[in-house]
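Here the structure is laid out as structure tokens; the discussion comes afterwards.
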Amino acid sequence: MRTDGILGAGKRDGRRSAINTARNKQKWLSRKEKWLVVLGVVLHAVYMLSIFDIYFKTPIVHGMDPVPPRIGAPAKRLILLVADGLRADKFYEPDSEGGYRAPFLRNIIRKKGRWGVSHARPPTESRPGHVAIIAGFYEDPSAVTKGWKANPVEFDSVFNQSRHTFSYGSPDIVPIFCGALPHSTWNSYPHEFEDFATDASFLDEWSFDQFQNLLNSSNKDPKLKQLLEQDKLVVFLHLLGCDSNGHAHKPFSSIYLNNVKVVDKIAEKVYNLVQDYFKDNQTAYIFTADHGMSDKGSHGDGHPTNTDTPLVAWGAGVGNPLPISRSDHHENTARFIDDHLHDTETPSEWGLSGMTRLDVNQADIAPLMSTLLGLPCPVNSVGNLPLQYMNLNKAEEVESVLANTKQILNQFLRKSQLKQSTSLYIKPFKPLASYSSLLREIEQLISLKEYETAMKLSEQLRSLALQGLHYFQTYDWLMLMTVITLGYVGWMIYVILHVLQSYTSLPANIFSKEQVPNPRSTVKIHLLGGLLMGVACTLLLVEKSPPLYHAYVVMTMFLWTQIFSEYQFLKAFCRYLCGRVNDYYLKLIATGVFAVIILELLVKSFTDRKFYTWCFLTTGISVPFYLYRSLPMRSRVPFFVWLACWFLSVFTLMPPQIPENTLLVVAGAVIIITIGIVLRYVESHAKDNRYWVSLVAQDSKKLKFPLLFHFQILLVGLASLMVWLSTTHRTEKQELLVLHQLVNWSFAGFSMILPLFSATGLLSRLTSIFLGVAPPFLLLSIGYEAVFYGALSLALIAWILAENAYLHISKFRSSAPVKSMEDDNRCLELSDMRIPLTFMVFFNIAFFGTGNFASIASFEISSVYRFITIFSPFLMAALLIFKLLIPFILVICAFSAITKLVQVPLLGCYFLVILCSDVMTIHFFFLVRNKGSWMEIGNSISHFGIMSAQVVFVLMLFAVTNVFTKDIQVRSAQQFSRKKM
């Protein structure tokens, strides 16, 4: 007789209701998290841009009138020679035989002109350097994000002010200044000429040949000859050879050093050609470089090898050589734009100790060229006219400096006017409140021929105008800093609330005796938040603020509105904390303090990579000791963890500049193959061991591709062989064979898809991923980074083994039930914070293990030569970024596997990773600098950008690696027991 009746039906209906409720909750949580992830990506992308509004707004303003100097033009024409990528020391120092590489220009320095070092400002790239030389201002770093092909913002230049400009050189530089200039004649060679596999000095000869052909053609073209005989002409020859040869062969190579000689010969030929053609001694000559070149063949950061460039000036309007005398020396503690002191002592090996060295900032060259030609300074220039290079009388000197001062003052007045026209309230720059009276006083002093006093006042007014420009450039600094800081803090609090509500047992605990939150009670809070957002946007609209200002304010206010809408949960959570015992507070505080210490040390590691060495040395002692004392069985895991950690600790002691060493790449391949074989051996011999049950494949006998492992091992070996063959061809100065390129591309692409066909056991799949991404990494390696790949993999395996051991130790010591969620994962606990913290350490050592990727110059372009040698910036950059991402793929895969191993929610851990990242991000936000050396400023921008982008990187890599890790299966001890039975 059935007895369930109505009661039985009621139980079934209750179960259905519970299942539907759980499903609805899961769908709601999925929708909320998608929205939260999108919000996080947008927020970090927008807040990342805030540093450019706060610190590095574009200095360009329009609407100023040019200020021509009230003196006659010392020269009719000017020849500008820019040797791209030429270091000052390689130009001035002697060669190995005791001679000098630039005999013609050294003769000019000693007999006809003046010389010094031009100090560039990071980013030391070709476009910003040429903008500083030709336009007189330091282009804001945000211009890099807008591409190098066209002007992101229109600006004035010496070429614009000239009567006509003739320009020849690189297709990446010449069109920037002459592409839209009607009064210009220019030409550039095809991009295909920029081949890193050849000696690029022929590019310099090409530029000279174009100029020579121009002068020869004028003998048959009366209009051209008439144009060449006019005044205010500029001839610009861009000489790219040193830059290309420096990238391909390094600046200490014979090819680069010989290119210095080629550049000197071209300068001599240009001088002789011009003197023979014009025969009027009315030509001024400027020889300089846009940036230098680091020892490893790159540039971009603020290292002296990148910022120090030669400067030689001679000809009409330029002073004769100055011998050094004690009366010329001034105690000057001022610094150049790259933080080098004035009156820097000249190295004795340069052989120029008896000649006065006249250093300038790179932007000072533009007003020098303008004054030599009698042109107005470019209206956006911030350079100070270097009078010490010119041959002028006292009256002309004062008039030239006064024109330079008025030009900078006009920028200040324009910026002040623009700010007043859009602000409801403005605080003026008080030191320049009476600038007009100061100008009248200077004019009066000039009329009285009191030139020294007039010069001092002009220089003082120029200095105040530059300070005023800085004042208005950072006028919104305080407001924006406050808004962004509140936004980051609000985001972190909101993430914490989401994790507590969705991935812990807190909601069940704190609402067990409380009233369930009512969504309708938050309507008033959202209405009030919306009203305040509307008021703030209206005020910003009235002040004509940029659209990003609206985004900053709206996002910050929106986040805090969401936080206050959770006031019921916050109130219940506070009551929950008040009812806990003291031990809970101690654990909570200890976990928080430990997490902050680790994250602050990670912040420190961006400037001192040795932190990772100490980190893994300490971990290599403490973790094995804990495992040795805690494991209930004899195990080799502690020894393996010690070995892996200490092996990885070696790499952050190595120099970030990776020297080329093919043998190390091949050795890295041998290590990778050895690790793969050992992991396969462990998997095949440990299936009956309870400790390894969670890691091995469920049934390796049913594999679809049993020979897959052997094929992957073969691909790694063949990739190392191709590394040796490709490098040998390039070393012998042979072109990379098309067959080699096809084979390298095939190996790299094919090996990446093989892990998809491997077994789904945790250890099997991770081994296959490790072997699958090894061939492309080897083909992109040039030195010890190939060995680092194996060391990082060993450390990640040690992490997995340690987590597996901790899992068994926890089950052995505790019999308390673990609260689980609907998707068979358990709730997050306070101790689980170790997983995202460990991930952060591994994720950052993937950045800094083989170099300082916070620096632009850390990318080694020769890494891509096994795939491409023809200059292609986007493809080369894509290959370099792909190489950078490969270690991250390993870290993300290990992280995903660990979350499955310990049965914690992956997304919950991901949000904790975001929280840890943002603690570091907000720290770097405050460390961004706009004072001090530009090397420190450039690095601070890079650090903040890396941490902001890291959040997006993690999200993208989770999506990419999910293809490999979604099928990973982990067996529990219960499944193992049933199989044994």
Side-chain angles (χ1 to χ4, degrees), residues 75 78-93 100-102 104-121 124 126 128-136 138 158 234 236-239 242-243 260 263-264 266-268 270-271 284-293 299 304-322 324 335-338 340-347 350-352 355-372 381 383-391:
L78 182 137
I79 310 296
L80 174 62
L81 305 173
V82 178
D84 202 310
L86 177 57
R87 277 168 53 162
D89 57 344
K90 299 302 179 186
F91 174 77
Y92 290 121
E93 70 185 14
Y100 292 96
R101 303 183 185 101
F104 169 74
L105 289 172
R106 288 184 69 85
N107 185 63
I108 291 292
I109 291 171
R110 290 190 173 278
K111 296 182 179 180
K112 294 184 179 181
R114 297 184 181 178
W115 73 286
V117 171
S118 171
H119 298 270
R121 193 197 84 173
T124 46
S126 293
H130 282 87
V131 167
I133 293 170
I134 299 169
Y138 303 103
V158 176
V234 176
F236 169 46
L237 299 186
H238 177 249
L239 312 175
C242 287
D243 185 73
V260 179
V263 165
D264 180 71
I266 288 176
E268 182 179 12
V270 167
Y271 175 74
Y285 301 85
I286 301 289
F287 175 86
T288 187
D290 55 347
H291 56 74
M293 183 75 61
H299 53 82
T305 56
N306 289 328
T307 61
D308 290 358
T309 60
L311 175 61
V312 182
W314 74 99
V318 179
N320 293 321
L322 290 175
I324 291 179
R335 293 179 180 267
F336 289 104
I337 200 71
D338 59 356
H340 289 186
L341 282 170
H342 286 240
D343 300 327
T344 302
E345 185 177 355
T346 302
W350 289 7
L352 295 169
M355 311 300 297
T356 300
R357 170 178 162 180
L358 305 171
D359 286 12
V360 300
N361 287 322
Q362 196 173 59
D364 298 342
I365 299 175
L368 172 62
M369 293 191 296
S370 297
T371 306
L372 286 172
S381 171
N384 295 328
L385 175 64
L387 280 175
Q388 63 269 33
Y389 273 87
M390 301 194 67
N391 184 21

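Sequential numbering from 1 along the given sequence is applied to the chain's residues. Only heavy atoms go into these numbers, but all of them, side chains included; no hydrogens, no water, no symmetry mates.
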Under the side chain to side chain contact (heavy atoms under 4.5 Å, CB included) criterion, do Val312 and Ile108 qualify, and how do the steps go? CA-CA 8 Å; Val312 182; Ile108 291 292; 4.0 Å; yes
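- With hydrogens and angles ignored, the 3.5 Å screen pairs a side-chain donor or acceptor of Tyr389 with a backbone N or O of Leu358.
- Looking at Glu93 and Arg101, their side chains come closer than 4.5 Å, going by heavy atoms from C-beta outward.
- Between Phe287 and Trp314, the ring center distance fails the sub-6.0 Å criterion.
- Applying the side chain to side chain contact (heavy atoms under 4.5 Å, CB included) criterion to Arg106, with sequence neighbours excluded, gives Tyr100, Arg110, Leu352.
- His238 and Asp290 share no donor-acceptor pair across their side chains, judged by distance under 3.5 Å alone.
- Partners of Tyr271 by side-chain hydrogen bond (donor to acceptor under 3.5 Å, both in side chains), not counting sequence neighbours, listed by chain and number: Lys112.
- The side-chain contact (heavy atoms from CB on, under 4.5 Å) test with Val318 singles out one residue from Asn391, Leu372, Ile286, and that residue is Leu372.
- Residue Leu105 holds its CG atom at 9.0 Å from CD of Glu268, rounded to the nearest 0.5 Å.
- Between Leu80 and Ile133, some side-chain heavy-atom pair lies under the 4.5 Å cut-off.
- The two atoms that bring Ala316 and Ala284 nearest to each other are O-CB, 3.4 Å, heavy atoms only.
- Side chain of Arg357 to main chain of Gly116: no donor-acceptor pair is present (N/O by atom type, distance under 3.5 Å, no hydrogens or angles).
- Asp364 contributes atom CG, which lies 11.5 Å from atom CE of Met369 (distance to the nearest 0.5 angstrom).
- In terms of modelled atom types and a separation under 3.5 Å, the side chain of Thr288 and the main chain of Pro310 share a donor-acceptor contact.
- Of the possible polar contacts, one joining the Asp359 side chain to the Val117 backbone as a donor-acceptor pair under 3.5 Å is found.
- In this structure, a donor-acceptor pair under 3.5 Å is absent between the side chains of His130 and Asp84.
- Pairing each heavy atom of Ala132 with each of Ala366, the nearest pair is O-CB, 4.2 Å.
- For the pair Thr309 (side chain) and Ser118 (backbone), a donor-acceptor distance under 3.5 Å is present.
- Between the side chain of His299 and the main chain of Thr124, a donor-acceptor pair closer than 3.5 Å is present.
- Summarising the geometry of Ala102 relative to Phe91, their closest heavy-atom pair is CB-CE1, 3.5 Å, with the distance given to 0.1 Å.
- Between atom CZ of residue Arg87 and atom OG1 of residue Thr307 there is a gap of 10.5 Å, rounded to the nearest 0.5 Å.
- Side chain of Arg114 to main chain of Ile109: no donor-acceptor pair is present (N/O by atom type, distance under 3.5 Å, no hydrogens or angles).
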